[in-house]
Amino acid sequence: MKSTTKLIGALAAGALLLSGCSAGGSDAGAGTSDGGDDATRGGTLTLGQLGDVVSWDPSQAHVGHQFVPYQLVYDTLVLREPDGELSPMLATEWSYNDDRTVLTLELRDDVEFSDGEPFDAEAVVANFEHFKAGNGRQAVQLTQYESATAVDEDTVEITLAQPDPAFEFYLSQAAGLMASPAAIEAGTLETDPVGTGPYLYDADSSVRDSQSVFTAKEDYWNPDLQKFDTVELRILEDLSARANAIVSGQVDWTTLDARTADQAEGAGMEIIPDYQVDWTGVTFFDRDGTINPALADARVRQAINYAVDRETLLEQLQLGRGTATSQVFGPESGAFVEDLEDYYTYDPDMARELLADAGYEDGLEITLPVIDGFATQITAIAQQLSEVGITVNQVSAVPADYVADAVQGKFEAFNFNLFQGEAWVAVNQIIAPTATYNPFQTTAPELEELIAVVQEGGEDSEAAAQDINRYVTENAWFLPLYRIDQISVYDPEAITVEAQIQSAMPSIYNFAPAE
Amino acid sequence: MLTFTLRRIASGVGLLIVISALAYTLLFFSSSSIARNILGDQATPEQIALKEAELGLDQPLLVRYLGWVGSALQGDLGRSWFNGEPVTETIQSRLPVTLVLMIVSIVLVAVIAAVLGVLAAVRRGWVDQTVQVGAVIGDAIPGFVLAIFLVTIFAVNLGWFPAVATIRPGAGAEAWIVSLTLPVIAIVVNYVTSSAQQIRSAVIKELEKDYVRTLRSRGLSEREIVLRNVLRSAAPAGLTVLSLQFIGLLGGVIILEQVFAIPGIGALAVNATVLSDIPLVMGVVIITVVIVMIVNLLVDIAQGALNPKVRLS
């Protein structure tokens with residue numbers, strides 16, 4: 001009996017220790033596109049997904065990879081084309097009042113939810129209220145939302161507390177997903193999605209964290225968006241499983257990393273070209289020096305930027321699949337400034353000089369939390385920083401709590417892959433005093449003025465966004481290393497697929513059977 | 001025999017209580033911000049407080065644990081904190097896959113190991129040496145390395161088997177067979193040599209005993225002696241190894257299920273623990289412990305049947 005006891009104890013402990021397993025990785029997103037001209041559909045589309053959705057309730061929808069499953073069963077009010085342009089979907093047209101605080105939407109009147117409920121203005125109101133109350137992963141999308149009113153059956157007026165230049169974009173994202181009001185009322189959406197989307201979820205053939213199966217809905221209102229009879233999402237968290245699945249033809253599309261991409265290309269798969277969504281690097285949260293006084297000095301943060309050799313890191317960590325950069329805004333964001341690309345060149349002498357100016361000629365320490373997915377990158381950064389006298393204390397973090405702890409201000413800085421979206425989206429994510437990834441709410445008066453201009457959304461908005469970019473780059477709010485090539489791999493014999501600007505995964509509408 | 005079995009079951013239940021309490025306590029400390037992780041990084045403090053109250057996280061640990069035990073005793077393991085699905089349903093859909101994988105593997109291991117072990121012990125010579133060397137190699141290569149090797153050759157290059165499992169609810173036998181063949185081979189290769197080694201030693205030890213000499217002197221054939229007497233005496237050692245291996249497999253399949261994307265309990269355990277989905281993790285822990293207890297009980301009963309002395313101890 002003794003040995004049995006020991007064994008069971010060891011086993012239980014082993015099971016518990018699994019909490020040490022990592023989930024690290026990238027988050028990114030946007031998505032939605034055009035239907036193409038052919039209304040014919042057929043075959044099965046099998047996608048090798050990174051992970052399962054947490055809940056089918058659209059108020060819990062996320063972005064990027066995690067947004068696509070929702071597109072199968074739910075339609076959005078606005079459709080986002082592959083190039084980022086916004087087109088009508090459930091909303092046929094929309095317009096703002098003069099001060100951009102009231103948005104009026106005209107709705108389609110020929111659409112029904114899969115439970116037979118009509119899609120109308122009341123349904124839209126119910127969805128906004130539900131999304132707001134659900135306070136999910138993308139709650140930020142309705143930050144400025146105040147109320148929605150059904151003017152008549154197919155007209156809705158949305159009132160915003162303040163202008164939000166990204167609001168129409170959000171209507172093509174999580175906040176624009178429309179679920180049946182009856183299902184919202186019943187509280188069953190978590191496991192049983194009911195939308196107006198092109199496909200129906202087949203719960204009986206689906207296994208959580210393993211596969212989700214969808215079948216084309218008959219009489220879908222927009223057959224152009226419905227290109228397959230069946231769609232299967234295979235949940236393949238393991239990178240080598242994804243690589244094997246695409247190479248052996250079990251999935252038509254998946255996402256890989258730089259190393260496995262070569263193997264897939266060798267086997268005849270194609271990678272969507274010129275596709276970048278995330279930047280990777282360090283965000284200095286503690287710019288006021290609450291935890292680490294050294295980080296309050298811009299010269300220290302600049303020194304760190306001069307001390308890393310981005311090209312070498314890109315080559316070593318990403319096999320060159322990416323673009324080294326000193327700015328956190330992407331080329332399509334509207335805030336991009338060409339000369340900021342190499343604002344910080346590799347210059348250890350300059351770094352030492354700046355550190356000496358700041359009074360740290362004897363070196364300083366910074367602390368970075370480490371999870372599995374970023375351990376190699378952090379070690380590489382630490383090694384380069386050590387050459388100018390900066391010691392990086394690497395502290396293990398709990399993967400499940402990594403982001404939660406970061407946004408609660410428990411770290412002075414952290415290394416992550418962050419999304420490069422539209423200027424206003426990025427400002428709200430990483431720069432504004434209210435931004436998720438600005439937990440110490442660091443700011444500056446000149447910066448807030450610029451943010452206010454961008455928020456107005458007028459003619460000066462783009463110039464102001466570029467000035468914001470200049471400000472945070474010159475003041476070294478971040479340590480951007482490079483934009484990562486999105487390795488979106490597909491089997492050209494089976495399907496065609498088009499990149500979706502600013503989204504880690506192409507919209508479901510961008511997939512079509514091969515000619 | 002009945003008292004023996006009942007005693008075993010009673011001590012098993014006691015153990016289950018201890019482990020569940022331990023697991024519950026450890027899980028409580030494993031994640032500091034469960035409510036925030038459930039709600040996402042945008043959640044407000046009020047929302048988080050509300051969620052914590054809803055999940056009972058504001059209650060003392062003991063109260064929460066007793067509440068969990070109370071429902072567990074009625075067969076209700078609660079619902080996943082993240083997706084709201086009942087834990088028992090989730091486990092019911094995933095457990096059969098893992099059990100089939102494990103049972104098929106261990107039966108094959110038992111049969112092949114018995115044959116190899118006895119042959120090595122009786123014949124010695126090159127058979128013996130091969131088994132010995134194989135034991136070292138089989139132990140040294142981790143199962144998942146073997147699995148990746150097998151996938152690369154037989155799934156990716158030759159295309160004989162799917163690289164990731166095709167099992168789904170209602171899938172036919174074919175899907176099970178083609179999906180589980182490579183993982184089963186990986187397990188069998190990994191486990192068979194060390195069990196063969198154990199059986200070999202046990203058989204050799206028996207063969208050196210006096211009663212074997214007596215039997216030989218009576219003119220019984222070597223084959224009869226080995227199959228009738230020696231094997232029966234050596235079986236307990238083999239059973240012990242196999243039961244240990246079966247229990248070890250509960251951990252081993254986790255990685256295999258990831259590599260082959262098999263929708264079993266291992267992959268579920270990983271996901272649940274990464275998320276700190278306590279109801280789901282507890283469900284997996286409990287079911288795992290119950291399986292271990294059942295295996296041990298069956299092995300003890302088998303041992304008792306083979307050797308009456310065990311029942312008395």
Side-chain angles (χ1 to χ4, degrees), chain A residues 1 4-5 7-9 11-16 18-23 48 51-56 60 62 135-140 190-191 204-211 213 234-238 240-241 244-245 247-251 267 398-401 403-408 436, chain B residues 11 15 19 22-23 26-27 30-33 36-44 47 82-85 90 93-94 148 151-152 155-156 159 162-166 168-170 244 247 250-251 254 258-263 267-271 273-276 281 284-285 288-289 292-293 296:
Chain A
M1 195 66 216
T4 316
T5 320
L7 250 173
I8 296 175
L11 191 79
L16 298 179
L18 281 174
S19 54
C21 291
S22 149
D52 205 348
V53 295
V54 162
S55 156
W56 284 108
Q60 304 303 314
H62 209 18
N135 210 7
R137 303 242 154 210
Q138 291 297 307
V140 70
E190 266 186 357
T191 51
D204 291 337
S205 302
S206 302
V207 182
R208 172 152 293 281
D209 296 323
S210 174
Q211 57 206 345
V213 180
R234 292 300 316 266
I235 315 303
L236 302 171
E237 305 210 2
D238 186 86
S240 63
N244 292 332
V247 170
S248 67
Q250 277 186 274
V251 298
V398 178
D401 295 341
V403 169
D405 284 351
V407 304
Q408 286 178 91
T436 310
Chain B
S11 66
L15 206 60
I19 287 170
L22 205 68
L26 286 176
L27 280 169
S30 72
S31 175
S32 57
S33 33
R36 181 175 285 276
N37 287 335
I38 294 170
L39 294 169
D41 46 23
Q42 319 275 354
T44 62
Q47 203 79 26
F82 283 81
N83 59 52
E85 280 175 10
T90 309
S93 78
R94 310 292 288 267
I148 291 171
V151 173
T152 311
V156 175
V164 294
T166 56
R168 67 174 64 181
L244 291 182
I247 290 162
L250 274 173
I254 291 178
Q258 298 272 90
V259 172
F260 290 97
I262 297 168
L268 182 74
V270 172
N271 270 308
T273 15
V274 166
L275 289 171
S276 291
V281 178
V284 173
V285 168
T288 311
V289 174
V292 172
M293 280 172 23
N296 280 309

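No experiment lies behind these values; they were computed from the predicted model shown. So you know, we letter chains A, B, ... as the sequences are listed, proteins then strands, and number each from 1.
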Please evaluate residues Asp405(A) and Val398(A) with respect to the criterion side-chain contact (heavy atoms from CB on, under 4.5 Å), reporting the C-alpha separation (whole Å), side-chain torsions for both, the decisive distance (0.1 Å), and the verdict. CA-CA 9 Å; Asp405(A) 284 351; Val398(A) 178; 5.9 Å; no
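- For Val407(A), the part lying under 4.5 angstrom from a heavy atom of chain B is the side chain only.
- If you measure heavy-atom distances from Val164(B) to chain A, the contacts under 4.5 Å come from both the backbone and the side chain.
- Using a 4.5 Å cut-off between heavy atoms, Ala155(B) contacts chain A through its backbone alone, with no side-chain atom that close.
- Put simply, of Asp52(A), Val207(A), Val213(A), the one with the most heavy-atom pairs under 4.5 Å next to chain B is Val207(A).
- For Val251(A), the side-chain contact (heavy atoms from CB on, under 4.5 Å) partners two or more places apart in sequence, or in a different chain, are Thr46(A), Arg234(A), Leu236(A), Ala245(A), Ile246(A), Thr254(A).
- For Asp204(A), the part sitting under 4.5 Å from any heavy atom of chain B is the backbone (N, CA, C, O) and nothing else.
- Ranking Gln250(A), Glu190(A), Gln408(A) against chain B, the residue ahead of the rest is Gln250(A), based on heavy-atom pairs under 4.5 Å.
- Heavy-atom pairs under 4.5 Å with chain B peak, among Gly249(A), Ala404(A), Ala267(A), Ser240(A), at Ala404(A).
- Taking chain B as the reference chain and counting heavy-atom pairs below 4.5 Å, the highest number among Ala406(A), Gly51(A), Gly48(A), Ser205(A) is found for Ser205(A).
- Side chains of Val285(B) and Ile19(B) form a contact here, defined as non-hydrogen atoms less than 4.5 Å apart.
- Annotation: maximal heavy-atom pairing with chain B below 4.5 Å, among Ile235(A), Asp209(A), Val247(A), occurs at Asp209(A).
- Looking at Ile38(B), the atoms closer than 4.5 Å to chain A (heavy atoms on both sides) all sit in the backbone: N, CA, C or O.
- Remark: Thr191(A) engages Glu85(B) in a side-chain contact (heavy atoms from CB on, under 4.5 Å) (not counting sequence neighbours).
- Of the residues considered (Gln60(A), Glu237(A), Gln138(A), Gln211(A)), Gln211(A) shows the highest number of contacts with chain B, using heavy-atom pairs under 4.5 Å.
- Both the backbone and the side chain of Val140(A) come within less than 4.5 Å of a heavy atom of chain B.
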